[in-house]
Structure formats: structure tokens, C-alpha cells
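Below: the structure, in C-alpha cells.
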Number of protein chains: 2
Amino acid sequence: MDIKPTESELEILQVIWKMGQCTVRDVHEELTKTKDAGYTTTLKLMQIMHDKGLVERDTTSKTHLYKALFTQEQAQSNALDKILSTVFKGSTSDLVIQALGQHRASPDEIDAIKSFLNKFDQHKK
Amino acid sequence: MDIKPTESELEILQVIWKMGQCTVRDVHEELTKTKDAGYTTTLKLMQIMHDKGLVERDTTSKTHLYKALFTQEQAQSNALDKILSTVFKGSTSDLVIQALGQHRASPDEIDAIKSFLNKFDQHKK
DNA sequence: TTGGATATACGAAACCTATCGTAGATATTT
DNA sequence: AAATATCTACGATAGGTTTCGTATATCCAA
């Protein structure tokens, strides 16, 4: 299966991931906090996502319940693969260094990364 | 200016970035190594990219020469911003750790990242 | 100099995304 | 029970992307 959600679909998925399971209204309320959108627009998008197999839904009651059919981690992995091949010439270190350079990480984050790198080294041996 | 090249446009830009300056045929030859496409399709895409202001071109001779109007680094920065906000909840360290986890970097790359992190620490102080 | 190769320009079609209005079903409130 | 609110379904439209055929201009070789 190919996971390639559109921009709008990702906005919706973020809400679903956060809540685990939710209604169209849940998503809509969340989205309208930061941008304008008609309710039926959100509904339609979620119906399309269902058609595409991005989400599943429970239709036993009038108000349907939606769940994601893949995890945020899978979406992250996909997104990384894509930009690695399209703009980073496949170089992971370029990507990492760029990311650290432009969005300064907190000391805690840096520590987390360092200890990750160390663990990494040991596995290599 | 807003830099948001489409998928196809990025494929073309990769060739332009690599060559610095090139013709439609240059790009086309490169693209058809990995996928099928008609020559006029590539031409049209590049014309549209020119209309959008993504590239400039020298039309003094019959065969036009195209150049990118922004760098690969800018595209990288843009791509990172986008996936950070759409799938990484803004967490740079999550992104970095995911990237290192799934695409194993070479020892050299890891060293490069480590020394980058150290430089980073010093600046912080 | 005439025919073939190569270039650009232009327009149209197929497809996808995003948006929303309207209709009809179901629930809720008064 | 009637009015109101809420939900899904179903188009339809506007806009953007991708694809390619055809026309026209230009260069080059026989």
C-alpha cells in the first residue's frame, strides 16, 4: 500500500493520531481553531480518505468514528524517504545537519541525539 | 516569494542543480533514465516553472538554457519546515532520531554529525 | 536547397484536490 | 408532535498538475 496523504489529509490525520479515534466534528472543531473551513469540506475530505484506505470508520451509530490505518511513525518514515530522495540526494547526514542547524534544538534534545548516536556506535561494533 | 515546487518540478530541479545550467534536452535525457516521459512534457513543465518564477532562462540562442532561481539548500530548508510541522509535531529531535534510525548512516557521517553537535554546544555557552 | 532532425509554443484532455451547496435521514429540544 | 439541530451522502465547481499532439521555426546535412 502506498501512503501519500495530501497536505489537507495530513492536517486531519494529526487530529486523529492525537485523539486516537474521533468524529468528523472533532476534527472540524480542531481545524477551525487555526483556519477557516466549512463542515462539509472536512466531512468530504474524511470520506475521501476512507475511500483511499487511509482511515477506517465505525458506522454503527449515526455519527461515525474514524481511526487511522497507519501510524504517525509510518508517515514520518515516508516523509523522510521522500525528501531524502527529492532534495537531499539521499544523504542522511546532510538532512540531520540541516535540521539541527536551522531549528535550534534545546540542550535536552541535543543530549537525546548524542546518546542515540552513542548507542548507535556500539551496535556497529 | 513562496517556494513550493511540485513533485515533478523537484525532479527537474535536481537535474538543474546538479548541472548548474542546462537545456530541456539535458533534463529530459536524465529523467528518462529512470522513468518514461515525452519530450514535450518535460518542455512544458519547464516552461511552467519559468512562468512561476522557479527558474530563469537564457533565450538568446535557439536552444534555451535554464537555471534555478533558488538553491537546493533553500528547498531543503523548506521541505524540512513542512514535514516538521505536518508529521513531526515540530520536534526536531524526533526527526533527527527517526532519520538516523531508519537510514543507517556511515561511520563518517556519524562523526560529521557528532562534531557538528559539539560545535553547537560551544556556541550555546 | 531541400529534407530531416531538433527546438519552442500552444492548446486540450485527463486527473486530482479542495471547497461547498443541497438533500435527506436521524436525533434533540420545546 | 413540530421545529430545530446535526449527521451523512451526493453532486458540482474551481483550480492546479501532468501529459501529450500538433503547429511552427530553426538548424544541419546530403
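Not measured: the values here are computed from a predicted model. Within every chain, numbering begins at 1; the chains are lettered A, B, ... in the order of the sequence lines, protein sequences first and strands thereafter.
Checking A:S8 against A:K62, the closest nucleotide of DNA chain C that is more toward the 5' end is the one next to A:S8. With the nearest nucleotide of DNA chain D identified for both B:K4 and A:Y66, A:Y66 has the one nearer the 5' end.
Proximity of A:R57 to the phosphate of D:dA9: a side-chain N or O atom is located under 4.0 Å from OP1 or OP2. Phosphate contact (OP1/OP2 of C:dA18, side-chain N/O of A:T6, threshold under 4.0 Å): present. A close approach under 4.0 Å does occur between a side-chain nitrogen or oxygen of B:K52 and OP1 or OP2 of D:dT17.
The neighbour count for B:D51 CG, taken as heavy atoms of other residues, nucleotides or ligands under 6.0 Å away, is above 12.
The stretch residues 35-46 of chain B touches DNA chain C through B:Y39, B:T40, B:L43, B:K44, each having a heavy atom within less than 4.0 Å of the strand. A heavy atom lying under 4.0 Å from DNA chain C marks the following residues of residues 23-33 of chain B, by number: B:V24, B:R25.
With A:T86 contributing its side chain and A:K82 its backbone, the two residues share a donor-acceptor pair below 3.5 Å.
Here A:Q47 lies in heavy-atom contact (under 4.0 Å) with a base. Within the nucleic acid shown, B:I48 comes within 4.0 Å of at least one base atom, counting heavy atoms only.
Checked by atom type, the side-chain pair A:N118/A:S115 shows no donor-acceptor distance below 3.5 Å.
The ring pair (Phe, Tyr, Trp, His ring centres under 6.0 Å) analysis of residues 46-66 of chain B, with sequence neighbours excluded, yields no pairs.
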